[in-house]
Structure formats: C-alpha cells, structure tokens
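Below, read A as the first sequence line, B as the second, and so on, with proteins coming before strands; counting in each chain starts at 1.
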Amino acid sequence: MHAHKENHAFEPKIVAFVCTWCTYAGADLAGTARLQYPANTRVVKFPCTGRIDPVFILRAFQKGADGVLVSGCHPGDCHYMAGNFHARRRFAAFRALLDFIGVDLNRLQFSWVSAAEGGKWVEVATELTERVRAMGPMREFRELETEEQWSGAIDTPELQAAYEAIP
Amino acid sequence: MSRIGVFVCHCGENIARTVDVEKVAAEAARLPGVAYATDYKYMCSDPGQNLLKNAVAEHRLDGIVVAACSPRMHEKTFRNAAKSAGLNPFLCEMANIREHCSWVHEDRDEATAKASDIVAMMVARVKKDKRLVPITVPVTKRALVIGGGIAGIQAALDIADAGHQVVLVEREPSIGGHMAQLSETFPTLDCSQCIMTPKMVDAANHPNITLHTYSEIESVDGYIGNFQITVRKKARSVIEEKCTGCGVCSAKCPQKKIPNAFDKNLGTRPAIYVPFPQAVPNTPVIDRANCTWFKTGKCGVCQKVCGPGAIDYEQEDRLIVEPVGAIVVATGFELYSITEKPKGSPIKGYGEFGHGTIPDVIDGLTFERLASASGPTGGKILRPSDGREPKQVVFVQCVGSRAREKGISYCSKICCMYTAKHTMLYKHKVHDGQAYVFFMDARTPGKSYDEFWRRAIEEEEAVYIRGMVSRLYQKGDKIVVMGSDVHVGVQVEIEADLVVLATAVQPRAGADTLAQKLGISYDSYHFYSEAHAKLKPVECATAGIYLAGACQGPKDIPDTVSQASAAAAKVMTLFAKDELEREPIVAKVNEKNCVACLYCKKVCPYGAVEEKEIRDRQGNLIRVVAYVNPGVCGGCGTCQASCPSKSVELDGYTDEQIMAMIEAL
C-alpha cells in the first residue's frame, strides 16, 4: 500500500467521465477503503454514461487531457435501464472516428465499474495512467487549439516575414 | 461577474493530512469569480454550516463550492445550508477532495495540486449553474413488498398496521420463506412454526394486505411515489376464490412420488399440492411439469373429486398492474448446494466433499427439516440413506463462506449459531449420540448468543474441534471426515454416520435479474447494495426502494425483523406526505431549435418524450416539437447526448456546465 513514490518526467492528465450511480460510487468506495492510485485522474460526474456526448471527449483532449476514461454501470445494471447501452453504441462508432482522425485509441479507455468495485476503479485508473504516461503527452489537439487562436502569437518569424512582405 | 464562495473542509485530519487545505483555499481565492475562500475544520458541523451561511450574506455570494467529502455524502447538507442562507440550493456544488483525493493519494504536493484542480473545475461549473426549483409529485400511498418470508411479512404487517395498502408478492405457492422451514430458532429454542405461522395468517387476513402468491415481478416502471408494477400471477390451475382448502385433491392425486422441495427433497408430495400443511394461502397448486393431465392429457382425478369445482386446467398466467409509491425488497437467501454448482455462483465447487454424491452429507436446512416435528421424519433425526439414527454426527462450519480460494470471502453470519443449535437439537433427540463441530472461529455476537454457544459445549457436550475439514468420503456405511485440530496440532479422522455442512448463505438465484428490473445496485455476490453502509442501511440508492433481510447480506431472524420494521418505517415516512419533492434534474426541450426528429423519443428509457403540436391562434398546426414530461423524466440525459440539433438540455448537467468543467482542466 505504501509504495515508494517514483518521480516521472511526465505526468499525464487523465479525465474520467463517469456516471454517478456506479463508477462515481465505486471511486468513492476506493476512497473509503483507502486504496491508493496515481493522482492523475480528474473526475467529471454525469447522471449516466448515456449523457456523455462524444464532443466532451474531443474537448477534453483539446483542453489538455492526455487520456480519457469513460466508465459507467455494467451492461444491464444501468440505473436508467438503458443509458449505458446507448453509450456503448455511441462510443463504438466514436472510436472508429477517433481512429480515423489519428488519435491513438490507447489514450481512451471505456470500462464498467460498479458501485461495489472500488478495487476495479483503482485498477482501471492506474492502468490508464501508466499506459498514457508511457505514451507521452497528447500534443495534436493542443496544437490545433493554438492554430485556432493564432492571433495570440503574431510575433512568429513567419508571420513577421509575411507582414513585412506586404508592399 | 459571479461572486463564488469556496469553503475547504479539513474533515478533521481526513483531508488536511494529505492536502494542504490552506493552499487550496488560497489558490481558489485567485480564481476568476471567486469572491471569498476559506478553510475550516469541519464544514458539516453546525459552526461550519453557520460559517457558510454568514459568508453568503456578508459577501453576497451567488454560488458556493464546498470542497469536502463526496456529494453522495453531504451534498444535501450543504444545499440545505445554502437554501437557509437564501441561496437557490442548486447553486451549491461539492468538490470531492476526500474520497477522490486525500484518501487515495499519499503525496502531499500531488494531492494538493489535484484538490486545487477539482476545486477549479467545480468553481467553473457553479458559475454556469442555474436556479432550479424542485418538482413536486403526488405520492401513491400503497407499498409493494417483494418476498413473503419473515422480512417481507414483518414489513407488510407494519405498513398495513399504519393504515396503508400493501401488495405482498411471493414467488412460491405459500408465504413463509425459510423461517417456515426451520425447526427451532436460536438463542431461545422456540419453535419456528409457532412464532411464524400466526404472522403468516395475520398477513393473509389483514384488510390492508393484498397477497399475490405464486407470482413474480414482471416489470417495474415509474419512480419514487409513482411506481407501476406488473405482477405475473403464474397459473395455479386452481381457482383461489373457489378453493376451500379441503385437501381432497392432494389426497386423491395418483402422482405421489415427487420430491418435496420444501422438505429439501427428503419427503414426497403429489402433483397437486400445498408445500407444507400450514401453508398460507391454503390453496394447492398443480405442478404442471409432473402432473399426469398436463403430461399425457389423461387423469383429471383432482377435477373430478373437487367439490367446489376449483380446478381449472385451462388457467393461464395473468398480468396484474399495481400502482404503488414505495417498494420493500425482501427476497431473502438460499444456501449454496454442494450437489451442483449453481449457475453464476462464485463458489468453485466442493469435489473434496464428494460433490453431493454421499447421501448422508446434508446441509443445515436439510437438518432443520429432519429435526422439525412437521418434517418428513416427524422430528426424528434419521439418516437419509438408510433411515437409521446416527450416533456420531459431524458438523462442518464455513463451507463456502470465508473461503477466498473458493470464491466467497464473506462470513455467512448465521452458521455458528445454527450449528450450535443443531448440536443441541441432536442431543435432545439422540441422547447417546455425539456431535462434533469443525470450526474456524465461533462468531457469536448478539444478545444471549455467546451464552447459547457455551451451553452447546458445556451442557450439551458438543465437541468443538478448531480446524478445517480437508476431505469427506464414504467407507462402508460410515463417512470418514478428515480434518485437523489446530489447537492440538494433529490430524483428526472421525467416522461419522451423518455430516451436516453449514454452507454459505447466498442471495436468491435471479436476484440480479430482479435488481435490473428495479434499477437497484448489487455487489459481486448479487447481494443488494444499501445507499450507505452505516447511515442508510435500509435505503437503496434508488429513491423509494428499501431493503429488508438477507437479500442485502447474511442476517439472522432478529436482525431481519429489525431491518424489516426499519424499512416499513421509511415507507411510512414517505407516505406521511401527500406530495414529495423531486430533484429537478430533468430534460427540457428548446422548442425554437427542435425539428421533431424525435430521436430523443426513441432513446428515452422512460417514455417521457411526447410530440407536442404548436398551433397558431386559429388552431392551425405550425409545427411539431418534442416535449419532455417532467413528471416521468428520470434525468439520465441520454436524449441530450443523442439530439442532433442540441435542442434538449438536462437541467443540472447542461453542456455549458460540463464544458466549463473540461475547460477548467
């Protein structure tokens, strides 16, 4: 439990989109049981995985997440009967899109963690953190972000050159 | 510009030990929109809440973030505090820096940084929070109790005595459950039938209780205060209203050799039967799988002999819809059987105990039937194989339970006490017999429990051997029990006439299916989960559903009865009001954008989405849009994530709020 802390050159930021009934409660249980895991995850709570719009995942990558975890109730155990089934379908299609636009799918993890599975939450969070840590930072989307807001960086040599080239 | 207040709780040492709370508060104070930030030892205490209320007034706060424990713990507390300070309660959010931070990380710098991040995310969110007003819904003052064992009967009687209607649904042909099968009960050794049957009769005769036996829950719709339950009343082939319970049909049935499950298959019963003589209702049921009429189309004896003409071979399953406001789940337990590995059971089987092929190796419930005066042997302890009286009986505790290598890590709780009881019952009936008990620990907490156990050893001369049994095998007409005595440090071999295994208490088969219908959570063993292990031991996380008895975890009769009454009290609390407030976490449609593709209608698990026609003053149809009925909406938000035109929004979890959190990363 009291593992020696290692220092890593890079600490990834992991965003976890979880449902309130199963995985959020499972993460709470990990706390109550004082299980230890890397401090890289930031949890965003939803009523149900069915509420999670794929755009949130894109946005998270864009805003600095190096890995994203989506987790809800086990199939059949959804508090809202079927939300996790809709989520499963949606993300099956979304994964293909992410793959197509060149996001390494290892940065994205879907899992089911029930309210009674504190241990599984720790496993999932630790595994993803370690995997993404080895992969290094996710730059592609943040670079796009900079391009989108390029007006903030007018003093690049290329721009300067272009500016001076104006007769 | 927002004026947000941030309150960082130390939770005594729980948070402050690993998180630098002062630093978190100082960093929060620098966040845009934060007007006030502080830390305090116990935010949930009275002075803590007062600090919050005063700060709202003093700093004219229009939003609050309490960085403390999980919102599942104290969100209500702080929202109420915000409300009493004059703030809309939905403008108060919690940043979970205990369960999700201080308790799971050890490095102080990392934990502090994470806590600051969590606070920043919640501050960003609270700025986008909207004032929401709770929805009031009417309460149907009728309760459903699932399971007619002692837990269900107790809960049903308590609620019915308070003047409310109760629907009691039982899967078997009779109510009574496991308690009706027991011979005597610890620690007083009073006869189980004597204390159980009057309660069964009370439940059946109660003017406020509607009894559906031989019935199962088909489906559950709705929400707290307004459930719609569909009950499947299985075809009994006997018209309940006409049957007088005379028993002639059972006496005349030519098919008599069917093992009686109530007697753990020790005795037999006819194809038309009541499970036991004191059954309530005393209405037989035809076991269609074994009935000659249903198998061959010939016989019909029961119909010929039935005076009132109550036999109906054509009867079909009926579906009955019952509107109720609250549900008590009391589905009980079953014992793990070493005979066959139950489907889905975590136990990996007991090959070393002969897999149930040795006839004189029985479980505790079978021993109860042997000892019961109304059992197949009339209360004589006789070996199932040859009907001889056993002179040496070995009891083995913890079969399955507390055996991580077998797949179950929990303690079944009742076995120590019932095994002690069994040794006594045995000694009372077979005076020259000797009982041996193999045990790991004797767990006897409870009023008069330890005294009872001591009595089994000191007065009834049961020999307790501390150690495990490694193997059982048949040798002639004896069963050799190989075990160890860890106190003496030797291997023990006993040639026993009968072996009784205290097998693990497990939830009923199908507990998971029922949970899925109800929308309640369960653990990996399929025991139902309570909302909070200590402070909400009766409530489910799903509002309006309560737990009683062994379906939540192994329990003895006193604990079960207490919990059943507690569940009943919770139901009565709910029924004390005519209307109840629901969290206004419901979806709303932006009619300007909606193009009525009605994809939301397709995905809605509640059927809450309707088509709404927008008409002009002359009544001409302008267009159709979607409309979410707030009374029916469960608040999952699947519609919002599915809406192609982003025209539907879930209050409390709007895109704005979520995006604000992500952007604050």
Side-chain angles (χ1 to χ4, degrees), chain A residues 1-3 5 11 13 15 17 19-22 24-25 27-57 59-60 62-65 73 76-83 85-87 90 114-117 122 125, chain B residues 69-73 96 98-107 109-111 113-115 117-118 121 125 512-513 515-517 519-525 527 529 533 541-542 585 603-606 634-643 646 650 652-653 655 658-659 661-665:
Chain A
M1 189 71 45
H2 292 263
K5 194 179 137 32
E11 282 299 343
K13 220 165 222 191
V15 183
F17 295 126
C19 82
T20 186
W21 298 99
C22 288
Y24 195 90
D28 274 3
L29 185 65
T32 317
R34 312 297 201 276
L35 305 175
Q36 303 290 311
Y37 56 93
N40 304 55
T41 39
R42 304 288 180 266
V43 172
V44 180
K45 181 169 72 119
F46 290 86
C48 179
T49 42
R51 167 70 188 89
I52 303 170
D53 195 322
V55 171
F56 297 149
I57 299 173
R59 196 68 171 159
Q62 198 181 6
K63 288 292 170 183
C73 307
D77 295 354
C78 179
H79 177 82
Y80 304 100
M81 276 95 87
F85 289 128
H86 290 295
R90 193 180 295 145
S114 84
E117 294 176 330
V122 170
Chain B
C69 50
S70 169
R72 288 157 41 85
M73 181 88 196
N96 185 347
R98 192 179 78 174
E99 279 86 342
H100 288 188
C101 188
S102 75
W103 275 354
V104 289
H105 307 310
E106 277 169 345
D107 186 273
D109 293 335
E110 275 183 6
K114 179 172 176 179
D117 274 8
I118 298 174
M121 282 165 83
R125 185 186 211 279
D512 50 340
T513 318
Q516 288 166 4
K517 285 177 188 167
I520 60 176
S521 47
Y522 50 91
D523 65 16
S524 55
Y525 303 109
F527 283 118
S529 307
T542 306
I585 307 299
V603 299
C604 179
Y606 296 93
C636 64
T638 305
C639 52
Q640 181 173 7
S642 311
C643 180
K646 298 276 159 260
L650 181 67
Y653 291 93
D655 279 350
I658 304 296
M659 284 301 191
M661 283 180 83
I662 295 171
E663 282 175 26
L665 270 174

Polar contact flag, side-chain donor to acceptor under 3.5 angstrom, B:Gln516-A:Asp77: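 On atom types as modelled, these side chains qualify, holding a pair under 3.5 Å.
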Donor on one side chain, acceptor on other, A:His86 and B:Ser642, under 3.5 Å: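 Judged by distance alone, the side chains do not pair up.
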Heavy-atom pair with the smallest gap, counting every atom of [X] and [Y]:
X: A:Trp21; Y: B:Ala541; answer: CZ3-O, 3.2 Å
X: B:Tyr653; Y: A:Arg51; answer: O-NH2, 2.7 Å
X: B:Thr638; Y: A:Gly83; answer: OG1-CA, 3.8 Å

Please tell me if the side chains of B:Ser70 and A:Tyr24 come closer than 4.5 Å, counting only heavy atoms from C-beta onward.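 Contact flag for B:Ser70/A:Tyr24 side chains = yes.
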Donor-acceptor under 3.5 Å ([X] side chain, [Y] main chain):
X: A:Gln36; Y: B:Trp103; result: yes
X: B:Lys114; Y: A:Thr41; result: yes
X: B:His105; Y: A:Tyr37; result: yes

Please lay out, stage by stage, how A:Phe17 and B:Ile662 fare under the test side-chain contact (heavy atoms from CB on, under 4.5 Å). CA-CA 10 Å; A:Phe17 295 126; B:Ile662 295 171; 3.8 Å; yes
Using heavy-atom distances under 4.5 Å, tell me whether [X] contacts chain A through its side chain, its backbone, both, or neither.
X: B:Asp655; value: both
X: B:Leu665; value: both
X: B:Ala515; value: neither

Please report the interatomic distance OH(A:Tyr80) to OG1(B:Thr542), rounded to the nearest 0.5 Å.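 Here the interatomic distance stands at 9.0 Å.
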NZ/NE/NH1/NH2 to OD/OE distance under 4.0 Å, B:Arg98 and A:Asp28: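 No salt bridge links B:Arg98 with A:Asp28.
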Proximal component of A:Val43, with respect to chain B [non-hydrogen, under 4.5 Å]: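 For A:Val43, backbone and side chain are both near chain B.
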